[in-house]
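Reading through the structure tokens given below for one structure.
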Amino acid sequence: MGEYMSSEEYIGFIECLRETFTYSLHRVFNISIDQLKEYFDKGVLKITRTPNPEYGDYGIALHPLFYKHGIDKNEWRILGEKIVDLIKNSEYIGKCFINDVKYVNGYVNVYIDYSRLYKRIVYEILDYKLYDKLKRIGGGRRVIVEHTSVNPIHPLHIGNARNSVLGSTFANLLKYLGFNVSEHFYVNDMGRQVALLVYGYRKLVENNVKKPSNIKIDHWYGIIYAIVNILLEKKKLYRKAHDLEERFVEIIEKYKPILDELLSKNKEYTLLRINVVVDNIYSKLKMKHSFRELIDIITSVLRDYLERQNRENKTINSVREFLDELNGILEEYESIYEEEREYSRAYTSLCNIYPMICSVLEREISDPEHVENEVQELMYRYEAGDKEVAKFFHEVANDVLSGFKESLKKINIVFDQFDWESGEAGRKYLDEVLTKISKLPYTLFEDKALIIDLDRAAKEHDYIAKLFGKDQPGRFVLRRSDGTTLYTTRDVAYSIYKFRDLGADLVYNVIAVEQVREQRQVKSTLYLIGYRDEAEKLVHFVYEMVNLKNMKMSSRRGQYYTLDEVIEDYTRIVAEKYIENQLRLGKKKLKIEPDLLREAFRKLGIACTRALLLSTDPLKVLVFDPRRLEDYDLGSWIIYTFVRLQSILRKAYGFEPLDNIDKLRNYAVKLYEDLREKEIILNTEEKNIVETLSNYSYTLLTVYNELKPNKILEYTNTLCMTINKLYEKHPILNEKDHIKKNTRLLLVIVSLLILKDLQTIMGFPLIKKL
RNA sequence: GGGCCCGUGGCCUAGCCUGGAUAGGGCGCCGGCCUUCUAAGCCGGAGACCCGGGGUUCGAAUCCCCGCGGGCCCGCCA
């Protein structure tokens, strides 16, 4: 197939328009080309869509220039028309698909020749030019995208899944842009959390509790972790409450003599009352009592007293202090009580379902301090290389990871590699890191502890100062006083490993927003110990949390909405909606085989799950109501459009489009050859599709630069909308006019190809029929 | 106490970095359209003091300052 236009590299028509305006403004306003370039780069001048097609398609506001040059409003039109004439008589008219140019109150607007743009875009896609252009962005550079990296202690929940979906979508995009991408999962197996789970699991093994065959293994471990954690936390809370009671007694004892003295001095009934109540409570503290009630009684008496006093004198002040101290205790007690209640509620429901685990662990966990020590011991031994302990850590982590893999596989996420914190990844460069840090001028030594004073480092290194901005870089601890290392230390070592051993040119870490500070500290450390280039190439892909309406998630309490559940729920909801629609349309019999339909529901469920997690800007908290999943159905909408395009093509050519992509392309090339020299006039709906398609590469580039995968979904949505409108308003296969029919058919094929790519990037399963 | 992020119709969201013409979508709601390429669709309608107050500007959802509300971070935790 031949070239439609000149052989020069096609730039988007927006860039082309920019050249056009630069040329004309340079001549009319006598501004230097460099100055104009600056204006465009800074956004002083900006090419935008017009609000109304009557004014043209794209335009530029001249107001900034008019004001800068002090041009009188009466002369605006004259200058504007000059620009219009200049463009009209230039080569740009042909080069940039311009049909007409107009001056409209302060703006110069151009009308795009959509039929030429249409041919160009279709040509680029069919001749692989577009793909080549996109592939050049990555140019084969090696990128590591680390994502998910959830502690292997419970099943993946919807919050973790946001990480996975963002990470995998971004990785897919990078592949599409020609990067050599590797997706990595960093296994945090050395922390206290895993040790806690290992502790619980070992107790169960000792008590002959076997792994269940009827429960997904990561879910089972999640229960163990939660129960151990709850038992421990509850014990700690009781201890805190007890301390509080002691403080209460101390306060009463402290104020008793003061109140006595006040009474004997002032001889007021109100004071007498306080004394009586205090005596009563003091006695009761030595009997069986409700701590909460006692505080309530005394605070209410004090409050009553203070309300009766109007004068500001010493009497009131000491009573007020008394009240304040009690209020403080009451508040603290309330929060402990509230927390305890939440733990208890979670515990009861867990134990109703898994009584075995509870009864064993309840027996074992009587002294929290003892458990803490054992957990601590497990960590030491694991870090020191104890084989017996390591066996358990590996078993637990691998079991949970196998659950992760199973869940993620469902939503089309497969990792290239798992890097273990306890293995080479976390430890290979550990010694080097520690040695280099100990030689830094900002390093503090306290016992065996190793701490970098990043505040000082920031004063001497602009790079670090800029990284933190107004934030305090803080002290960064890399080794504890007992000589053990921390997660963060191994994180620094792992970063080096990614560049040195895994050969990364660029690294993206998809990590939640709560770790921004830690990630900056890691970067600063890398920079300080001589890995400046690596520090620059280490990108923290930040994302916000997922919050559920009407449900508080807490992995420590074993309360979460798991990814597995979301997928199941979506699958059911999507199926119900489909069936309901068919019934509403008066249909009784299935159109396609039940198995195919069921598979389609499953795929739709997956698409919906991914779409939900992709729907919002990563920097915004994603809030949704799990009871109203049906409201978040962007995924199925896109797929339905995709299915519709296929059924049109199936009818047109008689073969299965997705199974014969090459054949389809060949047909499209023929259509293109046929239309190439013909005069075609596009309707509004067709123009909209062309325009949307023309933004394709720009959109992908934006997603890459700004780390905003949500924009891929948004774009896909727009494309589907424009196609649906064409389909609804104009016949395609039934169109009598040969040229019109082929024009539309070609648009359908090209849109299908693009839509297929977009869905692949977003990790949607492709569906043929519904 | 300090720092960062977010605040757009009943709900969700785009636009903000780089100021410009009538703030774009979706869900939900109301009214239409299935013997015509599958209606998970399309067409029409109601619904927004762009959190509040100042400032900069010819012009502010967008930039600056001060508040308010929500989230997150300030560990020899991960």
Side-chain angles (χ1 to χ4, degrees), chain A residues 39-46 48-52 55 59-64 66-67 73 104-107 109 149 151 188 190-194 421 446-451 468-472 474-475 477-482 484-488 490-491 512-518 542 544-545 547 549 574 577-578 580-582 584-587 591 604 615-617 619-625 628 630-634 636-641 643-645 647-652 706 710-711 714 717-718 721 724-725 727-735 744 748 769-770:
Chain A
Y39 283 164
F40 274 111
D41 288 343
K42 276 193 180 165
V44 176
L45 294 173
K46 209 158 138 189
T48 52
R49 253 324 340 222
T50 63
N52 186 332
Y55 300 154
I60 186 168
L62 296 176
H63 312 77
F66 287 146
Y67 285 108
K73 259 195 173 149
V104 187
N105 51 55
Y107 297 82
N109 296 335
S149 302
N151 285 341
N188 302 121
M190 293 185 76
R192 205 189 88 97
Q193 318 238 54
V194 179
E421 187 183 9
E446 295 174 7
D447 290 326
K448 278 194 216 161
L450 203 59
I451 302 160
F468 285 91
K470 283 184 201 161
D471 198 11
Q472 286 277 310
R475 282 157 51 109
V477 180
L478 290 125
R479 194 171 59 205
R480 299 188 183 94
S481 329
D482 63 7
T484 58
T485 52
L486 292 96
Y487 161 81
T488 37
R490 295 184 289 269
D491 208 1
V513 63
E514 61 226 26
Q515 299 215 37
V516 257
R517 194 188 178 81
E518 187 265 352
V542 189
E544 263 286 0
M545 314 272 53
N547 286 339
K549 278 184 187 158
V574 148
K577 215 166 174 178
Y578 177 87
E580 192 186 304
N581 274 321
Q582 296 302 314
R584 187 171 54 82
L585 295 172
K587 293 176 183 162
K591 281 184 287 189
L604 274 168
S615 62
T616 310
D617 187 310
L619 284 181
K620 285 192 182 179
V621 179
L622 173 60
V623 188
F624 78 96
D625 189 340
R628 297 177 58 85
E630 64 271 21
D631 288 352
Y632 314 87
D633 65 345
L634 258 180
S636 61
W637 199 71
I638 288 163
I639 284 185
Y640 206 84
T641 309
V643 165
R644 171 174 291 154
L645 293 185
S647 78
I648 294 172
L649 294 173
R650 195 180 296 123
K651 196 151 260 179
E706 298 179 2
N710 57 308
K711 290 189 175 175
E714 201 192 304
N717 199 11
T718 310
M721 221 148 59
N724 272 336
K725 284 186 182 161
Y727 159 86
E728 195 65 39
K729 286 195 178 165
H730 308 280
I732 297 168
L733 300 180
N734 298 336
E735 171 64 50
R744 284 172 205 158
V748 168
K769 284 181 187 171
L770 256 179

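Just so we're clear, the structure is a prediction, and the values are computed from it rather than from any experiment. Quick note on labels: first sequence line is chain A, next is B, and so on, each numbered from 1. All heavy atoms count here, side chains included; hydrogens, waters and symmetry mates do not.
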| field | Distance (rounded to the nearest 0.5 Å) between Thr485(A) OG1 and Met190(A) CE | value | 6.0 Å

| For RNA chain B, whose closest nucleotide is more 5', that of Thr50(A) or that of Arg480(A)? | Thr50(A)

| Whole-Å distance between G26(B) P and Asp631(A) CG? | 15 Å

| Taking the same atom, P, in G26(B) and in G19(B), what whole-Å distance lies between them? | 29 Å

| query | Should Arg475(A) be listed as having a side-chain N or O under 4.0 Å from OP1 or OP2 of G75(B)? | reply | no

| request: Measure from CG on Asn188(A) to P on A78(B) and round the result to the nearest Å. | output: 9 Å

| task | Kindly give the heavy-atom pair with the smallest separation between Lys448(A) and Asp482(A), and that separation in Å. | result | NZ-O, 4.1 Å

| task | With C1' as the reference atom in both, quote the distance from A21(B) to U62(B) in angstrom, rounded to an integer. | result | 16 Å

| said: Would you say that Asn710(A) contacts Thr616(A) through its side chain, given a criterion of any heavy-atom pair below 4.5 Å between the two side chains? | reply: no

| Which way is the base of C74(B) turned, syn or anti, if we draw the line at 90° from 0? | anti

| task | Report the nucleotide, chosen from A78(B), C37(B), G20(B), that has the shortest atom-to-atom distance to any side-chain atom of Glu518(A). | result | A78(B)

| request: Please measure how far the C1' atom in G54(B) lies from the corresponding atom in G9(B), and state the result in whole Å. | output: 26 Å

| Given Leu649(A), which of Ile732(A), Leu733(A), Val748(A) fulfils the side chain to side chain contact (heavy atoms under 4.5 Å, CB included) condition? | Val748(A)

| note | Leu45(A) CG to G20(B) P, in whole Å, measures 12 Å

| field | Inter-nucleotide C1' distance (C58(B), C68(B)), Å rounded | value | 32 Å

| Gap in Å between the two P atoms, one belonging to A23(B) and one to A46(B), rounded | 14 Å

| query | So which nucleotide does C11(B) pair with, by the Watson-Crick or G-U wobble rule with both distances under 3.5 Å? | reply | G26(B)

| Considering only side-chain heavy atoms of His63(A), which listed nucleotide, A78(B), G20(B), U38(B), is closest? | G20(B)

| G1(B): pairing nucleotide in any strand, Watson-Crick or G-U under 3.5 angstrom | C74(B)

| field | Spacing of the C1' atoms in C50(B) and A40(B) (rounded, Å) | value | 32 Å

| request: Counting heavy atoms from C-beta on, name the nucleotide in C37(B), C73(B), A78(B) closest to the side chain of Arg517(A). | output: C73(B)

| query | Does Val104(A) or Ala449(A) map to a spot on RNA chain B nearer the 5' end, using the closest nucleotide for each? | reply | Val104(A)

| Shortest side-chain distance from Glu514(A), nucleotide among C77(B), C73(B), C5(B) | C73(B)

| task | Using a 4.0 Å heavy-atom cut-off across all strands, classify Ile732(A) as base, sugar-phosphate, or nothing. | result | base

| message | By nearest atom, which of the nucleotides C76(B), A78(B), U22(B) is closest to the Tyr55(A) side chain? | response | U22(B)

| message | Are more than 12 heavy atoms, taken from residues, nucleotides or ligands other than Arg628(A), located less than 6.0 Å from that residue's CZ atom? | response | no

| Any sub-3.5 Å donor-acceptor pair from Tyr632(A)'s side-chain atoms to Asp625(A)'s backbone N or O? | yes

| Which part of the nucleic acid, if any, lies within contact of Gly474(A), taking any heavy atom under 4.0 Å across all strands shown: a base, the sugar-phosphate backbone alone, or nothing? | nothing

| Pairwise C1' distance, C49(B) and U8(B) [rounded to whole Å] | 12 Å

| request: Going 5' to 3' through nucleotides 11-19 of chain B, assign each nucleotide B (protein heavy atom under 4.0 Å from a base atom), S (under 4.0 Å only from sugar-phosphate atoms) or - (no protein heavy atom that close). | output: S--SS--SS

| task | Take the protein atom CG of Asp471(A) and the nucleotide atom P of G2(B), then report the distance between them rounded to whole Å. | result | 13 Å

| CZ of Arg480(A) to CG of Leu450(A): how many Å apart, nearest 0.5 Å? | 13.0 Å

| query | Whole-Å distance between A78(B) C1' and Arg490(A) CZ? | reply | 9 Å

| field | Test: Glu735(A) and Arg744(A) ion pair at under 4.0 Å | value | yes

| query | Reckon Ser647(A) has a side-chain N or O less than 4.0 Å from the OP1 or OP2 of U38(B)? | reply | yes

| query | So do the side chains of Met545(A) and Glu514(A) get within less than 4.5 Å of each other, counting heavy atoms only? | reply | yes

| query | What about the rings of Tyr55(A) and Tyr107(A), do their centers lie closer together than 6.0 Å? | reply | no

| task | Measure from CG on Asn52(A) to C1' on G24(B) and round the result to the nearest Å. | result | 15 Å

| message | I want to check something: taking the side chain as every heavy atom from C-beta on, are Leu770(A) and Leu604(A) in contact at a cut-off of under 4.5 Å? | response | yes

| Opposite nucleotide pairing with C34(B), Watson-Crick or G-U, both atom distances under 3.5 Å | none

| Looking only at atom P, what distance separates G32(B) and G25(B), rounded to whole Å? | 23 Å

| note | Expected string for nucleotides 39-44 of chain B under the B/S/- scheme (protein heavy atoms, under 4.0 Å, primed atoms plus P, OP1, OP2 as sugar-phosphate) is SBBSS-

| remark: From CZ of Phe468(A) across to P of C74(B) the rounded distance in Å is 12 Å

| task | Calculate the interatomic distance between Glu446(A) atom CD and G75(B) atom C1'; express it in whole Å. | result | 14 Å

| task | Can you check whether any acceptor in the base of C77(B) is under 3.5 Å from a donor in the side chain of Tyr487(A), or vice versa? | result | no

| message | Do Asn188(A) and Arg490(A) pair up side chain to side chain, a donor and an acceptor below 3.5 Å, judged on atom types alone? | response | no

